[in-house]
Amino acid sequence: MATPPAIIWKDAVERLLRYRELIPRLEVALGKFSRRDSAELIQPVRTTVPLQKYNGFLGLMPAYMENDGVLSTKFVCFYKREDGSTLPATQATVVLLDPEYGNVKAVMDGEVITDMRTAAVSAISAKLLMRPGAEVLAILGTGRQALSHYNVFTEMFSFKEVRVWSRTKEKAERFRDSVSGPVTACVSVEEAVRGADAIVTVTRCTEPVLFGQWVKAGAHVAAVGACRPNWRELDDVLMKEAVVYADSREGAMAESGDIVLSGAEVFAELGDVINGTKPAHREKTTVFKSLGMGVQDAVSAKLVFDQWKAGHSQL
Ligand SMILES: NC(=O)C1=CN([C@@H]2O[C@H](COP(=O)(O)OP(=O)(O)OC[C@H]3O[C@@H](n4cnc5c(N)ncnc54)[C@H](O)[C@@H]3O)[C@@H](O)[C@H]2O)C=CC1
Ligand SMILES: O=C([O-])C1=[NH+]CCC1
């Protein structure tokens, strides 16, 4: 009989997941995903169930990596919360299964995984697409993803200046005061992004907040919010001027308002660049449209579970 699943909650995930181990594994997984070899990796586009009464969605995100023996699914609920709401915008749980027996091996907190793997993939996009010598990073939004993006971008790159913008100055200042490094709290998006070499958009907005006219030619934008086909963060000018990359082409065509509504073309997936089958246009303005993929959760969950098991076998 199968042993009961391990329950690995937030504190443990926080302790066990490290960017330095996560990032190389995500790079390998993104490359595998873009090869579309179903003997290696299967990951359908997220199934989304609208929770109309609550202005939210349940996303089901399964992934199977046969050669790695990893089978998982994430349940993620995300909401368009009203201003001032104290309810969480995103809640997630990852379930790891044994692909041979079908039993659940572990149930783990998915919030830390979602925060970290999303930021890690944006950092991979910057590693591949940002101009060398980038000096200024701008972050739009000051929530959970803003913090994880701040952490990994400042760990991986040496920016001379980091700017943040939120809809109120107080929120931008609170974010500035909560992190250890120097941050400029900006009162307008324009002030935050003018001259920036890298821009991260991590807002819950549904209308464009970042306009192409403010974006420096050759900048790299990691666009993380607006994960519904009728939600936007970036305007048409930026979407049409930039070379657009995505984590999953199918995901982007189905779920990204910035792509669907602007009519912009997805030039390549990050995995195509990793595999060397599509170029990284570092010299041009680039947008990485992130939607999030089950395989990113699968890789993270395996890493957490392996470390958790190693810790428990020593007890
Ligand atoms: N691409 C991916 O893989 C993932 C994307 N997301 C998306 O990333 C975004 C940020 O997520 P979290 O940081 O977890 O949310 P959060 O609720 O912690 O932070 C959201 C930020 O957006 C700001 N905001 C809310 N409404 C806004 C508006 N109308 N205009 C401008 N700013 C607004 C809030 O003040 C806050 O600073 C959300 O859209 C979420 O759905 C979340 C997880 C994974
Ligand atoms: O990949 C993910 O977990 C999500 N993408 C959009 C909201 C949550």
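First listed ligand is number 1; within each ligand, the first listed atom is number 1.
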Exercise. Do ligand 1 and Lys171 have nitrogen or oxygen atoms that lie under 3.5 Å from each other?
Worked result: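 Min N/O separation from ligand 1 is below 3.5 Å for Lys171.
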Nearest-neighbour protein heavy atom for [atom], which is reported as residue plus atom name and distance:
atom	value
atom 2 (C) of ligand 2	Arg46 NH1, 3.4 Å
atom 8 (C) of ligand 2	Val76 CG2, 3.8 Å
atom 26 (N) of ligand 1	Arg167 NH2, 3.2 Å
atom 28 (C) of ligand 1	Cys205 CB, 3.3 Å
atom 20 (C) of ligand 1	Arg204 NE, 3.8 Å
atom 9 (C) of ligand 1	Thr203 O, 3.3 Å

Exercise. Can you name the one residue among Gln145, Glu233, Lys289, His149 that meets side chain to side chain donor-acceptor pair (under 3.5 Å) with Thr201?
Worked result: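 For Thr201, the side chain to side chain donor-acceptor pair (under 3.5 Å) test succeeds with only one of Gln145, Glu233, Lys289, His149, which is Glu233.
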Problem set entry | salt bridge (charged side-chain N to carboxylate O under 4.0 Å, His left out) against Lys284, all qualifying residues, sequence neighbours excluded |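 Lys284 satisfies salt bridge (charged side-chain N to carboxylate O under 4.0 Å, His left out) with no residue once adjacent residues are dropped.
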Under-4.0 Å heavy-atom contact with ligand 2, by part of [X] that carries it:
X	value
Asp297	neither
Arg117	side chain
Gln296	neither

Counting heavy atoms only, which part of [X] comes closer than 4.0 Å to ligand 1: side chain, backbone, both or neither?
X	answer
Arg117	side chain
Thr142	both
Phe175	neither
Ala89	side chain
Glu207	neither

Problem set entry | Contacts of type ring-ring contact (aromatic ring centres under 6.0 Å, His included), residue Tyr54, not counting sequence neighbours |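 Here no residue qualifies.
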Exercise. Considering distance alone, does some N or O of Lys74 sit under 3.5 Å from an N or O of ligand 2?
Worked result: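 N/O-N/O distance below 3.5 Å exists for this pair.
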Exercise. Cation over ring, Arg36 on Phe33, under 6.0 Å and within 45°?
Worked result: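 Judged by the rule (NZ or CZ under 6.0 Å from the ring centre, within 45° of its axis), Arg36 counts as positioned above Phe33.
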Exercise. Could you go step by step and tell me if His281 and Tyr245 meet the ring-ring contact (aromatic ring centres under 6.0 Å, His included) rule?
Worked result: CA-CA 10 Å; His281 282 296; Tyr245 296 78; 7.2 Å; no
Problem set entry | atom 40 (C) of ligand 1 protein-contacted, heavy-atom criterion under 4.0 angstrom |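 Within 4.0 Å: no protein heavy atom nearby.
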Exercise. Can we say Lys169 and Glu173 salt-bridge, meaning some charged N sits less than 4.0 Å from an Asp/Glu carboxylate O?
Worked result: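 Looking at Lys169 and Glu173, the cut-off is met.
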